[in-house]
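Below, read A as the first sequence line, B as the second, and so on, with proteins coming before strands; counting in each chain starts at 1.
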There are 2 protein chains.
Amino acid sequence: MEMKQLPEKMARMTPQRRVILEALRKSGNHPSADRVYELVREKLPHVSMGTVYRNLETLAEAGMIQRLELGPGPRHYDAGIKEHYHIRCLQCGKIEDTLVELPSGLDRAARIKTGFQVVGHELEFVGYCPGCAKNIGKIKIK
Amino acid sequence: MEMKQLPEKMARMTPQRRVILEALRKSGNHPSADRVYELVREKLPHVSMGTVYRNLETLAEAGMIQRLELGPGPRHYDAGIKEHYHIRCLQCGKIEDTLVELPSGLDRAARIKTGFQVVGHELEFVGYCPGCAKNIGKIKIK
DNA sequence: AAGTTACTAGTAATCATTACTATCTCTAGA
DNA sequence: TCTAGAGATAGTAATGATTACTAGTAACTT
């Protein structure tokens, strides 16, 4: 009896789920659920927002994608699953990867300091992307 | 002509603003706006949610408190303004400080890697607090 | 084929936050 | 001291993001 090796929480790889995952992978960026929805609708015009949210959640729990809880506004998703960090533009909201490395043993240090059973960490840089940095100062509010 | 040295964005220290700041300082924890609202209402029963949000925002812009954009759910606020990091319990949502130190020059490294003008960073550990860790595994979903 | 479970579209409800409006209160200048 | 205008407030409405619900569909198991 052969069994597909799908992660626990995921019993089936449905067409919707597959298209959602592909959309995320192809988007390159770090899209919000809303953006993924737009992309998926090009292939599956009748997909519902709920399906997109549910599957992004399921894929994240299965460890196939990453949920990013960065800054204000909507949650973002990332098709890359190996550890890396992000930087967010305070002006335009763009999110990019950074390849900065943190010292190993950081989680262990946090465990020792806090007594928590540490599962991981998330690091976000904030600043202004090159495009926006150029215009800062020129912008007058109001 | 004497002038009170209030931060730019903040023309006056109103009673509401003062009570909000005190509530945050006394709470010790890292309360959400909702929790601050509860605390403030003990002193000012007629305060409005909008006033709480507006002032937390104003105080944060003035650099007198910190906004924390951590994990899912509501935003949290922190009366401490010197740099430190946080750890969040995945089970109960509790947020605590950690005294873990990061290497200096991290922001500079991020700037070089990304080309962004880096303003700062936020680091969050996630895991299970001692109380919840004890019960993990005992909990059966459904 | 029948029963069971996972999943879906469509929609409603909820939660967190922001925006709006009329009113009030400081402050500065005439 | 009176007054105009900016800043702030309470109360409420609106928005945006996410989750929950419902009835129906598709796939797997025996």
Under a 3.5 Å threshold, yes or no: a donor from one side chain and an acceptor from the other, between [X] and [Y]?
X	Y	result
A/Asn29	A/His76	no
B/Arg54	B/Thr51	yes
B/Ser32	B/Arg35	no

Can you check whether A/Leu44's main-chain N or O pairs, donor with acceptor, with A/His46's side chain at less than 3.5 Å?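 Not a single qualifying donor-acceptor pair exists.
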Could you tell me whether B/Glu96 and B/Arg88 have a side-chain N and a carboxylate O separated by less than 4.0 Å?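 A salt bridge is absent here (no side-chain N lies under 4.0 Å from a carboxylate O).
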Base-contact (B) and sugar-phosphate-only (S) positions in nucleotides 3-19 of chain C, heavy-atom cut-off under 4.0 Å, - elsewhere: --BBSBBB-----SBB-
